[in-house]
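Numbers here simply count residues along the sequence, with the first being 1.
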Amino acid sequence: MTSLQAPNDGTKADAAHFLFVPLMAQGHIIPAIDTALLLATQGALCTIVATPSTAERVRPAIDSAQRSGLAVSLAVFPLDYAAVGLPDGMPGEADNMDDLPVHLIGTYFRATALLREPIESHLRAPDAPRLPTCVVSDFCHPWTAELAASLGVPRLSFFSMCAFCLLCQHNVERFNAYDGVLGYNEPVVVPGLEKRFEVTRAQAPGFFRVPGWEKFADDVERAQAEADGIVMNSFLEMEPEYAAGYAAARGMKVWTVGPVSLYHQHAATLALRGNTTTIDAEECIQWLDGKEPGSVVYVSFGSIVHADPKQVSELGLGLEASGYPFIWVVKGADRHNEATLAFLRELEARVAGRGLLIWGWAPQALILSHRAAGGFVTHCGWNSTLEAVTAGLPVVTWPHFTDQFLNEKMAVEVLGIGVSVGVKEPVVYQVRKKEIVVTRATVENAVRAAMDGGEEGEERRNRARALAGKARAAMLEGGSSHGNLCDLVKRFQMVGATRGAAA
Ligand code: UDP
């Protein structure tokens, strides 16, 4: 079953029509949808490809946008797991990354690539809305190069990452920085940058540059090199030299369009981002209303990370010892063993009134934007990091995988708004499994440094507040991201939307 809903189309006949093809993971699809909504507010028509269970998760946000008159719609396509050899007993509905067992990620990517033909057939169906004028696809979908070529339209790569991270990763690869470096944890200096940053192969191996993924990594790189441009959830004033540096290194235009979470001006739509929240947004706001301004620590590790039992207790005890009020997103009860559950329940009782545990999905951007929020303990997913920047909050940085180590460098070394807990290697999707536990004392000290930290802490918080002002200005009329959104809508309108229009 495939469905292509007719958009609530009040757009002009020659309006740009962006076909978004996000990766089915909340950290990718949430910013893709926000970007689509922002483009739609400038008069574009946007169609967003989703798999069935992901579509159900994001439908409330799309419905709400349609009710407010935006021409956005979902195009829903199931994955054909059988065609790529679905293992026995594997439920076919695991069509998003956060529900997917790690060993099936390769199968998942192969199944996703098979969407090219059904998507194109539907776009060409007689009753379909007009053909796209531009494909905006997640960089993890190299197969969309063929889709765009077959449709005869340009393709932009979508990244919810910062330019600093992308440029570091790109330079490490193009200048072969790890050649002759045997150690997985041996630091190398990122080549080609004015400032000195050190990374290790463990922290920044390159996208999909891990054993067994060589071909896919090459496909991703080729598709990126051949793209017609890049759309990025970042803003120019935060990292002008890296945005320009990445555009120059790639030889293509970069449209920084963020922070895209600022599409949402009201609590009601902010709380619709991602999954259905397990706490009522109003209850959350009331809890925060009862706290002093800038006093609450928000703790969350995004949509994919699941902490191991020992880490859960060290983190909980560290938060308790810090003495600050906190909101901690502990994910669903089904994700913990009995001992961890018992620990969490006891902690919840001990800190009642001061600590709020959210057992599932939190209205994160809403919490961060509340005046009581004072700091964010984050895994440094780029969306979370940028949401902290947008809210003007210092961060305690605790990377777990992929780009998060470079995002930590961005927060700590480039922006000067972060305090690191000192993790040096990934614990999720890692090449070599190793037990890494951040102690309660480290958690307590890092939280105290971010929330207080004397003069240094005050300077950190001031820098964070100043950045938030720049972030807001970028999204206002006359701001850099607003200008880039308008440029995209104009450049990819029906007339003139040919390959190479981005050059
Ligand atoms: N998020 C949320 N509530 C949660 C967990 C996550 O709203 O309980 C949102 C968060 O605001 C962000 C996204 O999910 O927009 C997570 O993206 P990020 O890049 O930070 O991390 P990932 O989930 O990709 O690891």
Side-chain angles (χ1 to χ4, degrees), residues 98 267 271 274-379 384 388 391 393-396 398 400 419 421 423 427 435-452:
D98 45 323
N275 298 340
T276 306
T277 57
T278 40
I279 182 168
D280 181 56
E282 196 47 46
E283 185 188 335
C284 208
I285 290 173
Q286 272 175 20
W287 189 91
L288 285 161
D289 282 347
K291 302 287 176 280
E292 293 294 316
S295 68
V296 176
V297 186
Y298 174 73
V299 186
S300 173
F301 298 118
S303 61
I304 289 174
V305 171
H306 295 291
D308 70 37
K310 195 164 174 202
Q311 187 60 82
V312 170
S313 56
E314 287 299 306
L315 170 55
L317 293 169
L319 289 173
E320 187 178 12
S322 76
Y324 286 94
F326 63 87
I327 294 181
W328 180 14
V329 187
V330 295
K331 299 216 168 73
D334 56 323
R335 303 281 188 169
H336 303 288
N337 65 26
E338 285 202 4
T340 308
L341 269 182
F343 167 82
L344 287 170
R345 296 280 185 217
E346 281 163 27
L347 177 78
E348 195 172 31
R350 275 202 311 277
V351 298
R354 173 163 82 81
L356 176 67
L357 271 55
I358 297 184
W359 294 85
W361 192 260
Q364 176 166 306
L366 183 66
I367 292 171
L368 295 175
S369 64
H370 194 283
R371 68 180 182 289
F376 182 5
V377 180
T378 173
H379 70 310
S384 294
L393 299 178
V395 284
V396 170
W398 189 332
H400 283 63
V419 178
V421 297
V423 174
V427 291
E435 193 181 72
I436 299 170
V437 177
V438 176
T439 64
R440 64 191 82 172
T442 305
V443 173
E444 180 186 344
N445 290 336
V447 167
R448 283 181 191 276
M451 299 297 285
D452 180 358

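- Atom-to-atom distance recorded for L393:CG and L368:CG is 6.0 Å, nearest 0.5 angstrom.
- Partners of T340 by side chain to side chain donor-acceptor pair (under 3.5 Å), not counting sequence neighbours, listed by chain and number: N337.
- Pairs engaging residues 325-373 under the ring-ring contact (aromatic ring centres under 6.0 Å, His included) rule: none recorded [sequence neighbours left out].
- Taking the side chain as every heavy atom from C-beta outward, V443 and V438 approach each other to under 4.5 Å.
- Across every non-hydrogen atom of A362 and V329, the tightest pair is CB-CG2, 3.6 Å.
- L357 contributes atom CG, which lies 9.0 Å from atom CG of L319 (distance to the nearest 0.5 angstrom).
- Residue pairs meeting the salt bridge (Lys or Arg N to Asp or Glu O under 4.0 Å) criterion with at least one member in residues 287-305: none, sequence neighbours excluded.
- You'll find the side chain of V377 reaches within 4.5 Å of the side chain of V297, heavy atoms only.
- How far CD1 of I367 is from CG of L356: 7.5 Å, rounded to the nearest 0.5 Å.
- In this structure R345 satisfies the salt bridge (charged side-chain N to carboxylate O under 4.0 Å, His left out) test together with E348, sequence neighbours excluded.
- For the atom pair CD1 of I358 and SG of C284, the computed distance is 4.5 Å after rounding to the nearest 0.5 Å.
- Here the closest heavy-atom approach between residue V305 and residue H379 is recorded as CG2-CD2, 4.2 Å.
- In this view, S303 satisfies the side chain to side chain donor-acceptor pair (under 3.5 Å) rule with no residue, not counting sequence neighbours.
- Separation of atoms CG (D308) and OG (S313) is listed at 8.5 Å; rounding is to 0.5 Å.
- Nearest heavy atom pair, residue Q364 against residue S300, reads OE1-OG, 3.6 Å.
- Screening residues 287-320 for ring-ring contact (aromatic ring centres under 6.0 Å, His included) gives Y298-F376, F301-W398, F301-H400 as the qualifying pairs, with residues at least two apart or on separate chains.
- Between I285 and A267, the shortest heavy-atom contact is CD1-CB, 4.4 Å.
- For the salt bridge (charged side-chain N to carboxylate O under 4.0 Å, His left out) test, residues two or more places apart in sequence or in another chain that qualify with R350 are E320.
- Within the structure, salt bridge (Lys or Arg N to Asp or Glu O under 4.0 Å) contacts touching residues 352-369 (residues at least two apart or in different chains) do not occur.
- Nearest heavy atom pair, residue V396 against residue A450, reads CG2-CB, 3.7 Å.
- Listed by first and then second residue, the side chain to side chain donor-acceptor pair (under 3.5 Å) pairs that reach into residues 440-450 are E314-R440, T439-T442, E444-R448, sequence neighbours excluded.
- For the atom pair OG of S369 and CG of L288, the computed distance is 9.0 Å after rounding to the nearest 0.5 Å.
- Counting heavy atoms from C-beta outward, P363 and I279 have side chains that approach closer than 4.5 Å.
- Listed by chain and residue number, Y324 satisfy the side-chain contact (heavy atoms from CB on, under 4.5 Å) test with D452 (two or more places apart in sequence, or in another chain).
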